[in-house]
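Worksheet: one structure, shown below.
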Amino acid sequence: MRITRTLWQLSGQSLRHYYPPPHHQSRHHFSAGIIGAPFSKGQPKRGVEQGPDVIRGAGLIQKLQKQGCAVKDYGDLHFPQVEDDDPVGGVKHVRAVGRANQRLSEAVKKAKTDGHCSVVLGGDHSLAIGSIHGHASAVRDLSVVWVDAHADINTPLTTSTGNMHGQPMSYLLRELVSKIPVLPNLSWLQPCLSARDLVYIGLRDMDPEESFILNLLEVKVFSMVQVDQLGVARVMEETCDYLTDKVKKPIHLSYDIDAIDPSVTPATGTPVVGGLTYREGVAIAEHLCQTGLLSAVDLVEVNPLLGPNPQAVQSTVHTAVDLLLACFGRRREGNPPSDYQLPEP
């Protein structure tokens, strides 16, 4: 027994500095503050604003509570129509995106101040601007794990589509502040993230300008090629080692459902073949949960109008729910009740 324990300790020594021992992972430790963000102006396709409703409708809150997670549902944010929102230098709906994200930033800051892990149900991925900004406003320094088929780091000057859901990261990085022009309804936004504190997982569809930016800033990236080569366990080990090398900062997980392969999650606006499997996608959330540092989550780009059939929509929505459950301690081998004891013979 002593030899076996010693071997186990040696084999796990590289993980222990960020994986708390199992007995510290109380199921009642988790508290989720759910914020619905039914917003679609960051991209051109109808339906993504229905994401919060269908994710809640699949039983997210009840399932979180069943696995021992405390939940406060803040409801859906209301985003008034913005008039005269013409493109600015080719960037579309910038006024609506700016106003919506300011409101979301305040809501996330409130959820964090109330002591919850904030959970933003999107909506499109332009919402990461407000979600990450609000998180940073509450905790100051943080790290971001961005799980996505796309880098979403185009600037207003490099974007080819003008869609804001392809640009959120460029507004958040301190290193790019000089590359962002003054835009209406975004004067409230101050960059709050350093490139050193950002990790991408799952990339497989990037513009040349985005690749240039990532290389220039030396951002840590695990593309799908690297996920295939290394395996998701190694990717997550290296991710957590990288983020906790010097200071263990709160982690913000921004998860675009299109990171998962469209054979599993087809009901989304910009699907790209060759993505994460269901198991890989869930494993990413499980690993980040086990760090004890996960402090905020975005789950975005679920669009029930884009599934080819009801089964495709159901698969997408249920996968989104499973990803969120994994963020709050669900284990695929089962969660024993916290008060369970073996019966006496």
Please round to the nearest 0.5 Å and tell me the distance separating atom [atom1] of [X] and atom [atom2] of [Y].
X: Leu216; Y: Lys179; atom1: CG; atom2: NZ; value: 8.0 Å
X: Arg330; Y: Leu324; atom1: CZ; atom2: CG; value: 10.5 Å
X: Gln50; Y: Ser40; atom1: CD; atom2: OG; value: 9.5 Å
X: Ile132; Y: Ser254; atom1: CD1; atom2: OG; value: 5.0 Å
X: Thr316; Y: Glu301; atom1: OG1; atom2: CD; value: 12.5 Å
X: Cys289; Y: Ile284; atom1: SG; atom2: CD1; value: 14.0 Å

Contact between [X] and [Y] at the side-chain level, heavy atoms closer than 4.5 Å - yes or no?
X: Val313; Y: Val54; result: no
X: Ile55; Y: Leu299; result: yes
X: Met169; Y: Leu193; result: yes
X: Val91; Y: Gln167; result: yes
X: Val199; Y: Leu243; result: yes
X: Ser170; Y: Asn154; result: no
X: Val120; Y: Ile34; result: no
X: Thr291; Y: His287; result: no

Look at the side chain of [X] and the backbone N and O of [Y], then say whether any donor-acceptor pair between them is shorter than 3.5 Å.
X: Lys63; Y: Ala58; answer: yes
X: Gln226; Y: Ser223; answer: yes
X: Lys112; Y: Ser137; answer: no
X: Glu238; Y: Val235; answer: no
X: Glu49; Y: Gly47; answer: yes
X: Asn101; Y: Gly130; answer: yes
X: Thr155; Y: Leu157; answer: yes
X: Asn309; Y: Gln311; answer: yes
X: Asn303; Y: Arg46; answer: yes
X: Tyr255; Y: Gly281; answer: yes

**OP:** Tell me, with the steps shown, if Gln81 and Lys41 meet side-chain contact (heavy atoms from CB on, under 4.5 Å).
**Re:** CA-CA 10 Å; Gln81 185 73 24; Lys41 294 295 185 180; 4.1 Å; yes
Subject >> Nearest heavy atoms of Ser263 and Asp261, plus distance in Å >> reply: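 In this case the closest contact between Ser263 and Asp261 is OG-OD2, 2.6 Å.
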Original post:
Which pair of heavy atoms, one from Phe328 and one from Phe30, lies closest together, and at what distance?
Top reply: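 Phe328 and Phe30 have their closest heavy atoms at O-CD1, 3.3 Å.
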Taking atom types as modelled, is there a side-chain donor on [X] or [Y] under 3.5 Å from an acceptor on the other?
X: Ser126; Y: His165; result: no
X: Asp298; Y: Ser131; result: yes
X: Tyr74; Y: Asp114; result: yes
X: Asp256; Y: His150; result: no

Subject >> Intermediate values then yes/no, side chain to side chain donor-acceptor pair (under 3.5 Å), Asp258 and Thr268 >> reply: CA-CA 6 Å; Asp258 73 22; Thr268 188; 4.8 Å; no
Please indicate whether [X] has more than 12 foreign heavy atoms, meaning atoms of other residues, nucleotides or ligands, lying under 6.0 Å from its [atom1].
X: Lys109; atom1: NZ; value: no
X: Gln62; atom1: CD; value: yes
X: Arg174; atom1: CZ; value: yes
X: Tyr242; atom1: OH; value: yes
X: Arg204; atom1: CZ; value: yes

Original post:
With a 4.0 Å cut-off, would you call Glu106 and Lys110 a salt bridge?
Top reply: no
Original post:
Do Arg56 and Asp73 meet the salt-bridge criterion of a basic N to acidic O distance under 4.0 Å?
Top reply: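 Between Arg56 and Asp73 there is a salt bridge, with a charged N closer than 4.0 Å to a carboxylate O.
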**OP:** Output, in order, the C-alpha distance, side-chain angles, deciding distance and verdict of side-chain contact (heavy atoms from CB on, under 4.5 Å) for Ile257 and Val300.
**Re:** CA-CA 6 Å; Ile257 199 68; Val300 299; over 6 Å; no
**OP:** Show your reasoning for whether salt bridge (Lys or Arg N to Asp or Glu O under 4.0 Å) applies to Glu286 and Arg332.
**Re:** CA-CA 9 Å; Glu286 290 173 341; Arg332 281 174 285 174; 2.9 Å; yes
Atom pairs and distances, side-chain donor-acceptor, residues 180-192, under 3.5 Å, sequence neighbours left out:
| unit_1 | atom_1 | unit_2 | atom_2 | d |
| --- | --- | --- | --- | --- |
| Asn185 | ND2 | Arg95 | O | 2.9 |
| Trp188 | NE1 | Gly98 | O | 3.3 |
| Trp188 | NE1 | Asn185 | O | 2.8 |

**OP:** Test Ser295 against every option in His252, Lys249, His135 by the side-chain hydrogen bond (donor to acceptor under 3.5 Å, both in side chains) rule and name the one that passes.
**Re:**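 By the side-chain hydrogen bond (donor to acceptor under 3.5 Å, both in side chains) criterion, Ser295 pairs with just one of His252, Lys249, His135: His135.
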Original post:
So among Thr319, Asp322, Thr265, which one has a side-chain hydrogen bond (donor to acceptor under 3.5 Å, both in side chains) with Tyr278?
Top reply: Asp322
Original post:
Between Ile251 and Val145, is a side-chain contact (heavy atoms from CB on, under 4.5 Å) present by the stated rule, with each step listed?
Top reply: CA-CA 7 Å; Ile251 294 174; Val145 177; 4.0 Å; yes
Hey, quick one: are [X] and [Y] part of the same hydrophobic cluster, counting side-chain heavy atoms closer than 4.5 Å, chains of contacts allowed?
X: Val82; Y: Val97; answer: no
X: Phe39; Y: Val48; answer: no
X: Val225; Y: Leu203; answer: no

Original post:
Run the side-chain contact (heavy atoms from CB on, under 4.5 Å) check on Thr277 and Val264 step by step: do they pass?
Top reply: CA-CA 8 Å; Thr277 66; Val264 180; over 6 Å; no
